[in-house]
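One structure below.
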Amino acid sequence: MIDLKHLREDPEHYRKGARLKNVDIDIDRVLGLDERRRAIVHQQEQLRAEQKQLEKQSGQQIGQLMGRMKAASGDERSALERELASLRAAPAALKEKIQGLDVDLTEIEPELSALLLEIPQPPDADVPEGAGSDDNVEIRRWSPPGYDLGRSFEQNRGFPPRTHLELLEMHGLVDFERGVKMAGSRSYVLTGDGMRLHQAALRYAFDFMTSENGFTPMSVPVIVREECMVGTGFFPSGRDQAYLVDEQSRGGSNDLFLTGTGEVGLMGLHQNEILDESALPLTYTTVSTCFRREAGAAGKDTAGLYRIHQFDKVEQVVICRADEQESRAWHQKMLGFVETLLQRLGLPYRLLQCCTGDLGMKNADMIDVECWMPGRGEEDANGRPLGAFGETHSASRLYGYQCRRLNMRYRGDSTDGKPAVCHSLNNTVLASPRILIPILEMHQNKDGSITIPEALRPHLGGAERIG
RNA sequence: GGAGAGGUGGCGGAGCGGUUGAACGCGCCGGUUUCGAAAACCGGUAUACCUCGCAAGGGGUAUCGGGGGUUCGAAUCCCCCCCUCUCCGCCA
């Protein structure tokens, strides 16, 4: 959520931000509703103050008169009754007015709060303008010594690459048929070394973050309340991407949602808390199963392990002080972790600066990491793929947008002891089985065997190859 | 699934219709004392929104799980919802 006060001060900033993100939102409508709401609340508060005054003045009198009533009779009694009635009339009139204003508020507030959730965070000024992913800008690329991304796989390695589908099949690493039989399209079953490799990659990434980078390991719920989804910014806009656990229809008190990323659980941890500044930054990592409906992606990446409904992911989040420089520094650092990891896995990659149109609601800045997948992309004259980069990571810088929704604040010396909204960032560490695509394709040998990256071998009982 | 108990400030725990944002204790912060510390003593210690002020700060309203109701007045009474806990059953 954006800062409403800031919106009032500089609405153009948000109009422009929404435009750059191709989000259709009527900022003036929001401002108008906010204006009306504040006027009504102000009026109400004044009336309430008046009411309180009256209470203090007449309350005692009423008490006394009631006492005298008990003993009184006849003319005295009716005189007292009249006096009581007049004392009660004024507060009653005020109450009616206040309640009337309440009605006015109920006409405004639902729309206002709904709209507020839909105002996107404006992109940072140094984010390139663009309409969508085609306008993203490459920042840098890396490939292991001896592998030149300017040349084809065959030129580099001396034989044409098999696709990950072919390699999976060849080594019996996955059973798509039975996956689909049980759970429908985009489902799969990792088998044998496929499952081992998957677990090894996750475990390596998890250990890397906790042991080497000092992040705090956490488990998180992957079935959460709607509150968490709204708080982390995935709802309302991404509602159709999440699986719904419809408990209400069977009498349960709350519907629940399956999370599409560990970010939801990690960020939800400190919802509605005021943290001590000395506790920051919080650096958390988790490995969790992620569920995505992939609504609207019908027909896209239907084959293989690229776009699936369920996968596992090691995720990193950082919650830090409300300081742009600090946020920016963490963003770079979190990207650095990923680069180190990919380099150790020997996977060529590039960093993409996402343009304004590709940022999503929440981000001020987002940098994607794409790994080189030789079996992906357009085909050559022989019907063989030319290779392409495929997204494997996404590093977001959200400033206070997410924490404001989550009501996650901190205080300390730098805030003068007053609560301030935390900043948050998140980035993939490793998502599998998608990461198996470049691992298999990049480390395949001419005979189709796979050389296991050294880093993963300790998690595979020391095995050096598959096949 | 069956049966109970309960949700009050950072925590513990009072209050059960009237200057109660809320006793008391703990914690925390500041001060006195001390060579220093502990102890003791004194003072302070919520959040949100609105408003006045350059600021320090002042004023107002709301908040005792959430919503609604009764009442001149509700943390206190009534209704609905949510949540947590305990016991039994089932179970990874």
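The chains referred to below are lettered A, B, ... by the order of the sequence lines, with proteins before strands, and numbering in each begins at 1. As the structure is a computational prediction, the values presented were derived from the model and not from experiment.
Qualifying salt bridge (charged side-chain N to carboxylate O under 4.0 Å, His left out) partners for A/R239, counting only residues two or more places apart in sequence or in other chains: A/E226. Taking the salt bridge (charged side-chain N to carboxylate O under 4.0 Å, His left out) definition, one finds that A/E315 meets it with A/K313, sequence neighbours left out. Scored by the salt bridge (charged side-chain N to carboxylate O under 4.0 Å, His left out) test, A/R434 finds no partners at all (sequence neighbours excluded). Here A/D207 pairs with A/R203 under the salt bridge (charged side-chain N to carboxylate O under 4.0 Å, His left out) rule; sequence neighbours left out.
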Contact string for nucleotides 45-50 of chain B, one letter per nucleotide 5' to 3', B = base within protein heavy-atom range under 4.0 Å, S = sugar-phosphate only, - = neither, reads -SSSBS
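Using Watson-Crick or G-U wobble geometry with both donor-acceptor distances under 3.5 Å, B/G12 finds its partner in B/C24. The partner of B/A48, taking Watson-Crick or G-U wobble pairs whose two distances both stay under 3.5 Å, is B/U61. When Watson-Crick and G-U wobble pairs are counted only if both distances are under 3.5 Å, B/U34 pairs with no nucleotide at all. The partner of B/A55, taking Watson-Crick or G-U wobble pairs whose two distances both stay under 3.5 Å, does not exist in any strand shown. Searching all strands for a Watson-Crick or G-U wobble partner of B/G18 with both distances below 3.5 Å returns B/C72. Applying the Watson-Crick and G-U wobble criteria (two distances, each under 3.5 Å), B/C29 pairs with B/G43. Remark: B/U84 base-pairs with B/A5. Criterion, Watson-Crick or G-U wobble with two distances under 3.5 Å. When Watson-Crick and G-U wobble pairs are counted only if both distances are under 3.5 Å, B/C90 pairs with no nucleotide at all.
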Sort me out a list of protein N/O and nucleotides 82-84 of chain B N/O pairs below 3.5 Å, or just none if empty.
| unit_1 | atom_1 | unit_2 | atom_2 | d |
| --- | --- | --- | --- | --- |
| B/C82 | O3' | A/N254 | OD1 | 3.1 |
| B/C83 | OP1 | A/S253 | OG | 3.0 |
| B/C83 | OP1 | A/N254 | OD1 | 2.8 |
| B/C83 | OP2 | A/S253 | OG | 3.0 |

Anything under 3.5 Å between a protein N or O and an N or O of nucleotides 73-80 of chain B, put it in a table, one pair a line.
| unit_1 | atom_1 | unit_2 | atom_2 | d |
| --- | --- | --- | --- | --- |
| B/G73 | O2' | A/E55 | OE1 | 3.4 |

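For residues 174-199 of chain A, no pair satisfies ring pair (Phe, Tyr, Trp, His ring centres under 6.0 Å), with sequence neighbours left out. Here side-chain hydrogen bond (donor to acceptor under 3.5 Å, both in side chains) pairs that include residues 89-112 of chain A, with residues two or more places apart or in two chains, are A/R29-A/E111, A/Q44-A/D102. Within the structure, side-chain hydrogen bond (donor to acceptor under 3.5 Å, both in side chains) pairs that include any residue of residues 458-467 of chain A comprise A/S449-A/R465 (at least two apart or interchain). Screening residues 279-292 of chain A for salt bridge (charged side-chain N to carboxylate O under 4.0 Å, His left out), with sequence neighbours left out, gives no hits.
At whole-Å resolution of the value, CG in A/L47 and P in B/A62 are 11 Å apart. The distance between atom CG of A/D102 and atom C1' of B/G68, rounded to the nearest whole Å, is 11 Å. One interatomic measurement links the two molecules: CG of A/D276 to P of B/C29, which rounds to 10 Å at whole-angstrom precision. Distance, A/L275 CG to B/G10 C1': 13 Å, rounded to whole Å. For A/K52 and B/G59, the NZ to C1' distance is 13 Å, given to the nearest whole Å. In this structure, CD of A/Q43 is placed 14 Å from P of B/U51, rounded to the nearest angstrom. The separation between A/E50 atom CD and B/G60 atom C1' is 13 Å, rounded to whole Å. In this structure, the CD atom of A/Q46 is 12 Å from the C1' atom of B/G59, given to the nearest Å.
Side-chain contact annotation: A/D3 with A/Y401, donor-acceptor N/O pair under 3.5 Å absent.
Rounded to whole Å, the P atom of B/U86 lies 33 Å from the corresponding atom of B/C24. Comparing the P positions of B/C79 and B/G6 gives a spacing of 15 Å, expressed to the nearest Å. For B/C64 and B/G59, the P atoms lie 23 Å apart once the distance is rounded to whole Å. Between B/C41 and B/G25, the two P atoms lie 10 Å apart (nearest whole Å). Spacing of C1' atoms, B/A92 relative to B/C29, comes out at 48 Å, to the nearest Å. B/U19 and B/C54 have their C1' atoms separated by 35 Å, with the value rounded to a whole Å. Taking the P atom of each, B/U45 and B/A39 are spaced 22 Å apart, rounded to whole Å. For the P atoms, the distance from B/G21 to B/C82 is 31 Å, rounded to whole Å.
Annotation: A/F291 is not in aromatic contact with A/F257 [ring centroid separation under 6.0 Å not met]. Aromatic rings from A/Y284 and A/H270 are positioned such that their centres are separated by under 6.0 Å. A/Y306 and A/H164 have their aromatic ring centers separated by at least 6.0 angstrom.
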Compile the donor-acceptor pairs under 3.5 Å between side chains in residues 316-325 of chain A and protein atoms, sequence neighbours left out, one pair per line.
| unit_1 | atom_1 | unit_2 | atom_2 | d |
| --- | --- | --- | --- | --- |
| A/Q316 | NE2 | A/M334 | O | 3.2 |
| A/R321 | NE | A/E326 | OE1 | 3.0 |
| A/R321 | NH1 | A/E277 | OE2 | 2.9 |
| A/R321 | NH2 | A/E326 | OE1 | 3.1 |
| A/D323 | OD1 | A/Q325 | N | 2.9 |
| A/D323 | OD1 | A/E326 | N | 2.8 |
| A/E324 | OE2 | A/R328 | NE | 2.8 |
| A/E324 | OE2 | A/R328 | NH2 | 3.2 |

